[in-house]
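Structure record follows, encoded as C-alpha cells.
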Amino acid sequence: MRIKVKEALNSEQSQENILVKGWVRTKRQSKGFCFLEINDGSCLKNLQAIVDEGMPGYEEIDQVATGASVCIAGNLVPSPGKGQAWEVKASRIEIIGKADPETYPLQKKRHSDEFLRTIAHLRPRTNKYGAMNRIRSEMSYGVHKYFHDKGFNYIHTPIITGSDCEGAGEMFVVTALDLDKTATQGKKVNFEQDFFGKQAHLTVSGQLNAENLACALGDVYTFGPTFRAENSNTPKHVAEFWMIEPEMAFADLSDNMGLAEDMVKKMILHARKNCPDDMELFAKFVDKSLESRLDNILNNAFVRLPYTDAVEILEKSKQKFDFPVKYGLDLQTEHERYLCEKEFKKPVIIYDYPKEIKPFYMRLNDDNKTVAAMDLLVPGVGELVGGSQREERLDVLESRIDDTGLNKEDYWWYIDLRRFGTVPHSGFGLGFERLLMLTTGVTNIRDVIMFPRTPNSLEF
RNA sequence: UCCCCGGUAGCUCAAUCGGCAGAGCGGGUGGCUGUUAACCACUAGGUUGGCGGUUCAAGUCCGUCCCGGGGAGCCA
C-alpha cells in the first residue's frame with residue numbers, strides 16, 4: 001500500500017510492506033548499500049530509504065540521481081542513524097523516471113532566487129518553493145474558511161468586463177478579432193464587430209459586481225485572478241495576481257477597517273497553526289525577524305490615522321523626503337514607509353483621503369472634502385489593502401461621476417443600486433500575494449506566485 | 001517608463017594599473033559496510049550576455065542592444 005512521506009514520518013509504529021513514491025532529493029552511496037532521500041511534496045521533510053546491494057532494482061541504482069522519480073517498497077522501521085526517527089528498509093526499488101545529472105539544474109546546494117526564477121517549472125521541487133506552495137494552498141483554504149465561518153457568501157465575478165474605467169490602472173484588452181488582418185488593412189479597430197459588440201477587458205477588480213451581490217446577499221467576497229496592464233517593474237507588482245474582495249451591506253468604513261485588521265491577523269494565525277514546519281523554514285532561512293514581525297502585527301491594534309493627521313505628522317517630522325508633503329497630494333512610498341516603519345512601527349490604516357485623489361465610488365464625507373477611503377500599510381510590504389465605504393446616495397454618486405468626467409450611461413446598472421433600496425456598504429481589496437509576502441517574509445512577489453506574469457516575461 | 005548596480009564554467013563568485021581566465025560547489029571515474037549538504041583520490045568543463053569600436057594587447061576602456069537585481073511612478 002502506498003503511503004505519503006508525511007504519513008510515514010508521522011507514523012506511530014513500524015509498518016511492513018509499504019510503498020513510497022517520490023523524487024530523489026539526494027543519494028549517498030557506499031559499497032554494498034545506498035541511502036536515498038525521497039520527497040513527494042506532502043511535507044517539507046524527506047523520507048530516508050536504505051537500499052542494500054542485491055535487492056531487486058539495485059543493479060540500476062547507478063542511474064538514480066537527484067531529481068529522479070522512484071518507487072520504493074519495503075518496511076518502515078525505526079532509524080538507527082541520527083537525524084530521523086523513521087526510515088524505509090527497501091526490499092525493492094524501481095526507477096519511474098530518470099533525471100540526467102549532467103543536465104538536471106537543481107543541485108543539493110542552495111540556489112539563488114534569481115536563478116530559480118529561470119527554472120520556474122522545477123523550482124517547486126526545492127524546499128523553499130515547496131513550502132511556499134503548501135503555505136499558499138493552506139492560506140487559500142484559510143481565506144474561504146474565515147469568510148465561511150463569518151457567514152459570507154463566496155461569489156464569482158466576471159473576469160471579462162465591459163466596464164471601461166474604474167480608476168484602477170491600465171487594462172488588458174480581450175478580443176476575438178483577427179488583429180493581423182486589422183493591421184494589414186490599416187484600418188482602425190471596430191470593436192462593434194468584436195465578440196461582445198463592444199470593447200472588452202480583463203478585470204481589474206470585481207468590486208462593482210460584488211456590490212450588486214452584497215446588496216442582495218448581505219456579506220459576500222470574491223477570491224480570484226485580477227489583471228493590471230501597468231508597465232510596472234517592481235518586487236511588489238505582477239500583471240496577474242489573486243485578490244480577495246469582501247463587500248458588506250450595512251457596513252461603514254469603521255466596520256471595513258475592523259474586518260481588514262481581523263482578517264490579516266487571522267490569516268497569519270492560520271498559517272502558523274497549519275504550516276508550522278514550512279513557516280519555520282522561512283523564519284530560519286528567509287527572514288530571521290519573521291517571528292517577531294508577525295508577533296508585532298498580532299499583538300498590536302492597527303493604528304487608524306486620518307489622512308489629514310498623517311500629513312501633519314509628516315510635516316512635523318524631522319525626516320527629509322524627496323517628494324513634497326502637502327494636503328491634497330497623494331502619499332508617496334517614502335511617506336507611507338516612514339509612517340508605518342518609523343513613526344508607529346506597526347500596521348497603519350490611513351483613511352479619509354481628499355476626494356480629488358480617489359475614485360468616484362468612494363463615499364463623500366460630511367466635510368465635502370474627503371471620502372471614506374482606507375489603505376492598510378504594513379511594514380515591509382507597503383499597501384496590503386485598499387478599500388472604502390461606497391457612495392450610496394444617488395445624487396451624490398451621479399455628480400461624482402460627472403465631476404470625474406465619466407459617462408453615467410456606462411454605469412447605469414451600478415447606479416440603479418442607489419435607486420432601489422440603497423444601503424450603506426463597504427468593502428476592500430486585499431492582494432493575496434502581498435499577504436503571502438507578509439506571512440513568509442519573502443520580499444519579491446515573483447517568488448510567492450509560481451508562474452509570475454510581469455512585463456516581458458511569459459515563459460512558463 | 002525613468003534612475004542606479006550587475007552579467008566570467010551547470011550554480012555561487014574571484015581575476016591588482018588594460019598583460020597567460022581561477023576557486024568552491026555540482027558533474028564524471030575509481031574507492032569506502034549506517035550515511036545525513038557523507039567522505040577520500042583522480043578528472044572533464046569557458047565565444048567572459050550579443051554586436052560594434054579604441055589598443056601591440058580587452059573579462060577589464062568606449063558605444064549600443066538584450067537579460068537580471070534594487071529604487072521610483074502606478075497599485076493590491
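Residue numbers start from 1 in every chain, and the chains themselves are labelled A, B, ... in the order their sequence lines are given, proteins ahead of strands.
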Cation-pi between A:K369 and A:Y327: NZ/CZ under 6.0 Å from ring centre and within 45° of the ring axis?
yes

For [X], which contact category applies under a 4.0 Å heavy-atom criterion: base, sugar-phosphate, or nothing?
X      : answer
A:G32  : nothing
A:Q84  : base
A:E240 : nothing
A:F35  : base
A:V378 : nothing
A:F241 : base
A:N444 : sugar-phosphate
A:K108 : sugar-phosphate
A:P105 : nothing
A:G81  : base
A:I244 : nothing
A:K89  : base
A:T234 : base

With a 3.5 Å cut-off and just heavy-atom distances, do the side chain of [X] and the base of [N] make a donor-acceptor pair?
X      : N      : value
A:E102 : B:rG28 : no
A:E114 : B:rU12 : no
A:Q48  : B:rU35 : yes
A:H111 : B:rC11 : no
A:R434 : B:rC75 : yes

Reading RNA chain B from 5' onward, which residue's closest nucleotide shows up sooner: A:D375 or A:R446?
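Closer to the 5' end of RNA chain B: A:R446.
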
Between A:I50 and A:N456, the residue closer to the 5' end of RNA chain B by nearest nucleotide is A:I50

Just compare [options] and give me whichever is closest to any side-chain atom of [X].
X      : options                : value
A:F115 : B:rU12, B:rC75, B:rG69 : B:rU12
A:H237 : B:rC74, B:rG70, B:rG34 : B:rC74
A:E230 : B:rG68, B:rG27, B:rC74 : B:rC74
A:K109 : B:rA37, B:rU35, B:rC75 : B:rA37
A:S112 : B:rC32, B:rU12, B:rU1  : B:rU12
A:S232 : B:rG34, B:rG69, B:rC74 : B:rC74
A:P235 : B:rU35, B:rG71, B:rA76 : B:rG71

Using atom [atom1] of [X] as one end and atom [atom2] of [N] as the other, report the distance to the nearest whole Å.
X      : N      : atom1 : atom2 : value
A:R337 : B:rG73 : CZ    : P     : 11 Å
A:L116 : B:rG26 : CG    : P     : 17 Å
A:L438 : B:rA76 : CG    : C1'   : 13 Å
A:E245 : B:rC75 : CD    : P     : 15 Å
A:K236 : B:rC74 : NZ    : P     : 14 Å
A:R110 : B:rU12 : CZ    : C1'   : 10 Å
A:R123 : B:rC11 : CZ    : P     : 17 Å
A:Q29  : B:rC39 : CD    : C1'   : 14 Å

With a cut-off of less than 4.0 Å, is there a side-chain N or O of [X] near OP1 or OP2 of [N]?
X      : N      : result
A:R117 : B:rG69 : yes
A:S30  : B:rG34 : no
A:Q332 : B:rG73 : yes

Could you check whether the rings of [X] and [Y] sit parallel, tilted or perpendicular, using 30° and 60° as the cut-offs?
X      : Y      : value
A:F223 : A:H144 : tilted
A:F147 : A:F152 : tilted
A:H335 : A:F321 : perpendicular

For A:K6, does the NZ atom have more than 12 heavy-atom neighbours from other residues, nucleotides or ligands under 6.0 Å away?
no

Let's test this: given Watson-Crick or G-U wobble pairing with both distances under 3.5 Å, identify the partner of [N].
N      : result
B:rG18 : none
B:rC25 : B:rG10
B:rC74 : none
B:rU60 : none

Do the side chain of A:E433 and the main chain of A:W242 share a donor and acceptor less than 3.5 angstrom apart?
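Side chain of A:E433 to backbone of A:W242: a pair is present.
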
Considering only the [atom1] atoms, how many Å lie between [N] and [M], rounded to the nearest integer?
N      : M      : atom1 : answer
B:rC17 : B:rA23 : P     : 22 Å
B:rU12 : B:rC51 : C1'   : 28 Å
B:rC42 : B:rU47 : P     : 27 Å
B:rG18 : B:rG6  : P     : 16 Å
B:rC20 : B:rG59 : C1'   : 14 Å

Based on the glycosidic angle (syn within 90° of 0, else anti), state the conformation of B:rC17.
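B:rC17: syn glycosidic orientation.
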
Measure the shortest side-chain to side-chain distance between A:Y146 and A:H270 over non-hydrogen atoms and say whether it is less than 4.5 angstrom.
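SC-SC contact between A:Y146 and A:H270 ruled out.
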
Does some side-chain heavy atom of A:T161 sit less than 4.5 Å from a side-chain heavy atom of A:L202?
no

Output the distance between atom CZ (A:R434) and atom CZ (A:F241), rounded to the nearest 0.5 Å.
7.5 Å

When A:D375, A:D403, A:D352, A:D330 are each screened for salt bridge (charged side-chain N to carboxylate O under 4.0 Å, His left out) with A:K358, the one that passes is A:D375

